[in-house]
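This report concerns only the one structure given below.
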Amino acid sequence: MRFAFVLAVFHLGAAAQFTRGVCPVGDGDIQVRLGPRLSKGATVSVPSSPGWDDLVAWSSSPLVQPDFVAAVGVRTEGDVQEVIKYANQKGTPFLAASGRHGWTADIGRIQGGIMIDLRGLNSTSLNRDGKTAVVGGGILQHELVAALYEKGKYAVTGLCECTSVAGPLLGKGHSILQGNYGFAADNLVSARVVLADGRAVTVSERENKDLFWGLRGAGHNFGVVVSMEVKVYDASKRWTLVEMAFEQEKLESYFETWKRLEDEFEDVGGLALNGAFVRNDEIDTEHPIITLQLLIEGSHPTAAHYQAAFFALDPVANRTVTNIEYKNVYDAAGLNTEGVFCKKNINTIAGPNSYSKWPIAGMRAGFELFSEITANKAFAQSIWGLESHGRRGPLAVSPDENAVAPEERSRHLLYLVALLWTGNDEGDRAKAFDYIKRMREAARPAGGTERPHTYVNYAIGDLQNLAIDLLLALQSLPASRLLRSSGRGKNLLGDLLRLNSALNSDDYFDLDRIKPLLKSAIANDNDALIWKEVYNAVTESTPPPRPIASSFQQTPWLHNTGSFANSSEYRKDVDRVLRNELGVIYVGLPRFYQTFFGRVADLGTASEAVFEKCKEDHFLSWFSGLSEKLATFAEDYRSIPTHQRRPLAQPNKPIQGSTAERKLDIGFVDDPKAGKDSKCHWSHILIPGELKSNPAADSLGKAWLDIGTYAREVLAAQDTRRFVLGFTICGSFMRIWEFDRLGGLASERFDINEDGLRFVSTVLGFLWMNEEELGFDPAFITANGQRFIEIERNGSKERLIIDEVMQRARCIAGRATTCWKAHREGQPQIPLVIKDSWQYRNAMRKASYYTR
């Protein structure tokens, strides 16, 4: 059975363009080094600059909120080139923005980046022939509408006045003018674009044709558009706005009337319909109401039929406004800069779809779910938009003309359910994602007559909805219950359920893991190939390597957590830099356990014996008490003395030795007498651990970054530590971690309820490992109250006595230079300095070793 039908081609985009890098830049550096390269009037702002918060505020924050170290207000094309070249030199991500209206999830993943503020590029120049105009890449819709209307003209733009002109256009740009003139993308004549390498090019039907084709409809990430030439038209006609509101019991009649009118009357342009499900307690305190707007240009031949048909449904409220100048239409229709989608700092999660016919039963099912979620006051301002802006203009353009998805021309009906809420409550966020998924599923046509399609400008943008759609389809196939599990589960269905849970719950899910499956399904490959990709997706694997440093660059990190100077090390600041410092985290390495635990003497025999003892005694597996019992049970199977260490759980007590306050859920310490009231220092922590109740926390943004933070503290406090082992337990899923100067590695995760032997073996391994196996440098020896190293010099062995640590970098990845004050044995009067720094080797070579 084929199942590619469940997908639609899904383009990642937003009203911006960006590239990814690996490290941020400092405030002073960008102001000193980039500032002089910019034109007069250009600005360089940093977080300490006045007005910074307003400058970088996003329409959908904090759900989508990129993190910037600087914002550059450009004034010329050359300024944009200089910023991009500078960012490339520093390996720093950058994002071009003007309206800051996009809600694509990838925007929020930019950390330590540079915002290229295009608002200074807001000019409008009408060409002599009066048929086209050249406009700046940063101009907003309301600015262009006003400027052109002064000349008696208008251009096809988006819908909301607060958005940029370029952003909607690059993804298609539907408009109340499209019935006559096509989409905004259809009206682009040429553009000037700065590419990712800093070059500026012209794109048109005559120059760079391929790029011009892609820019119109799929153009958000091909480059930064600094100016555009667009078609313009006479704007002499006046407009009429008709608005109506209906109670929820009219829903079926509402959509049946809409369908009947479109079947009966030919689309001649000049008529746009906007509807919505919204809350209005003055009309209905129990349910959302259903609204409709008719936007009519001039004297329209069929508008009267539309008005009469909908008025026959007996609206509970209505109004008609006539003789509206085009420049005032958006204000009259509530699409102005004060509209709900134009406000900043309101979380927005969207679920769109496009149809050729309204699925009435599906819309009723979706409405009921929307009524449920908006009954919660936190989501009461949400809106389910219903749009039909005209078919004639888009259908007049060949689907091959540009990169606008063919479905956009064949499906003129569009809905956008947008849940809006404020604040940063995790419960609200989880509820919003859950309801969006359920509403999109409910509102689909029965029988799969039209596969789901997402308008790119409304896309969430991180492939999650598309991937979830596919996984749901796979789960419904009988084959998923018959095929074997990729691991130790009952069948493949269980694997798919776990993958779906992780994908739906985690912003930082590794999407590269599922992209081959998506591509195979979209390409309608044969069943064998698709099922192969299913198994690849549900089986964790090593991600591609991080960028490799050049041969002369011993340390590939330009800025890491060791660079903090005179800093309070607040968690949010450290996390931002640590995420970049760690780069790619290699997770799911099959040989990880064998590499680090295989050398522990007697571990295999003891683990099996202790595991049998555990099953007999049926004691509770709470970690701290369990570890001590395991150690006691295993004493008879240990051929060499056991190290004196024990687990310690102090989740609410700060660990001493941090610059900022840090607490550790659980860990193993070198003090056998440590208890819940003991004061513990990071120098005592041998193996840090992180506990999470939710299995979905097994992700980069949660448990992985937490355990990395603890590893950094351990490495900083223990001057002879080369690497740190740790563990995370999320729900019942456990991983073992290793952090060293290349970053982080992790084992395959296992369920401690299903693989008790592995759990027992891991705990005993932590208790029994010697210091070298735990990551301490064996070159440093402690004897008779002294620490020393021994070196060969001039054919003889010398002993250097360590007096004290002078400096140790507080970081994980990088050179991590450490200096000790020392002296030769017997010569304390002659001070020496021992310097140790890590030398770069290929991280991927190390990671691949654990997969062989």
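Computed from a predicted model, the values in this text were never measured in an experiment.
Using a 30° and 60° split on the angle between ring planes, Phe277 and Phe367 fall in the perpendicular class, above 60°. Ring-plane geometry between Tyr181 and Tyr154 is classed as perpendicular, the angle between the planes exceeding 60 degrees on a 0 to 90 degree scale with a lower cut at 30. Note: Tyr254 and Phe246 have perpendicular aromatic rings, judged against thresholds of 30 and 60 degrees for the angle between ring planes. Under the 30°/60° scheme for interplanar angles, the aromatic rings of Trp258 and Phe310 are found to stand perpendicular.
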I'd like to know whether Glu262 forms a side chain to side chain contact (heavy atoms under 4.5 Å, CB included) with Ser388, so could you lay out the CA-CA distance, the side-chain angles of the two residues, the decisive distance to 0.1 Å, and finally the verdict. CA-CA 10 Å; Glu262 290 191 337; Ser388 177; 3.2 Å; yes
Please walk me through it: do Ile84 and Ile116 pass side chain to side chain contact (heavy atoms under 4.5 Å, CB included)? CA-CA 9 Å; Ile84 292 177; Ile116 304 176; 3.9 Å; yes
Worked verdict on Glu407 versus Lys172 for salt bridge (charged side-chain N to carboxylate O under 4.0 Å, His left out): CA-CA 11 Å; Glu407 291 88 347; Lys172 179 194 79 171; over 6 Å; no
Could you walk me through whether Gln307 and Leu294 satisfy the side chain to side chain contact (heavy atoms under 4.5 Å, CB included) test, starting with their C-alpha distance in whole Å, then the side-chain angles of each, then the deciding distance to 0.1 Å, before giving a yes or no? CA-CA 8 Å; Gln307 293 181 65; Leu294 302 177; 3.7 Å; yes
Thr132 vs Val134, test: side chain to side chain contact (heavy atoms under 4.5 Å, CB included). Steps then yes/no. CA-CA 7 Å; Thr132 60; Val134 176; over 6 Å; no
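Between Asp400 and Trp213, every side-chain heavy-atom pair lies at or beyond the 4.5 Å cut-off. Pro352 places a side-chain heavy atom less than 4.5 Å from the side chain of Arg440. Taking 4.5 Å as the limit, every side-chain heavy atom of Val72 sits out of range of all side-chain heavy atoms of Asp79. Side-chain contact between Leu34 and Val83 is present, with heavy atoms from C-beta onward closer than 4.5 Å.
For the atom pair NE2 (His389) and CG (Leu177), the distance works out to 10.5 Å, reported to the nearest 0.5 Å. Here the straight-line distance linking atom CZ of Arg238 with atom CG of Asn323 works out to 5.0 Å at 0.5 Å rounding. To the nearest 0.5 angstrom, Cys160 atom SG is 5.5 Å from Leu335 atom CG. Here the OG atom belonging to Ser354 is positioned 9.0 Å from the NE2 atom belonging to His174, to the nearest 0.5 angstrom.
The shortest non-hydrogen separation linking Val226 to Glu77 is CG2-OE1, 3.6 Å. The minimum heavy-atom distance linking Leu188 with Arg216 is given by the pair CD2-CG, 3.8 Å.
Aromatic pair Tyr355/Tyr415: centroids less than 6.0 angstrom apart. Ring to ring, His300 and Tyr306 are not that close: their centroids are 6.0 angstrom or more apart.
Taking 4.0 Å as the cut-off between side-chain N and carboxylate O, Asp197 and Arg199 count as a salt-bridged pair.
Partners of Asn345 under the side-chain hydrogen bond (donor to acceptor under 3.5 Å, both in side chains) rule, at least two apart in sequence or in another chain, are Ser61.
A side-chain contact (heavy atoms from CB on, under 4.5 Å) with Leu215 is found for one member of Asn208, Leu169, Leu170 and no other, namely Leu170.
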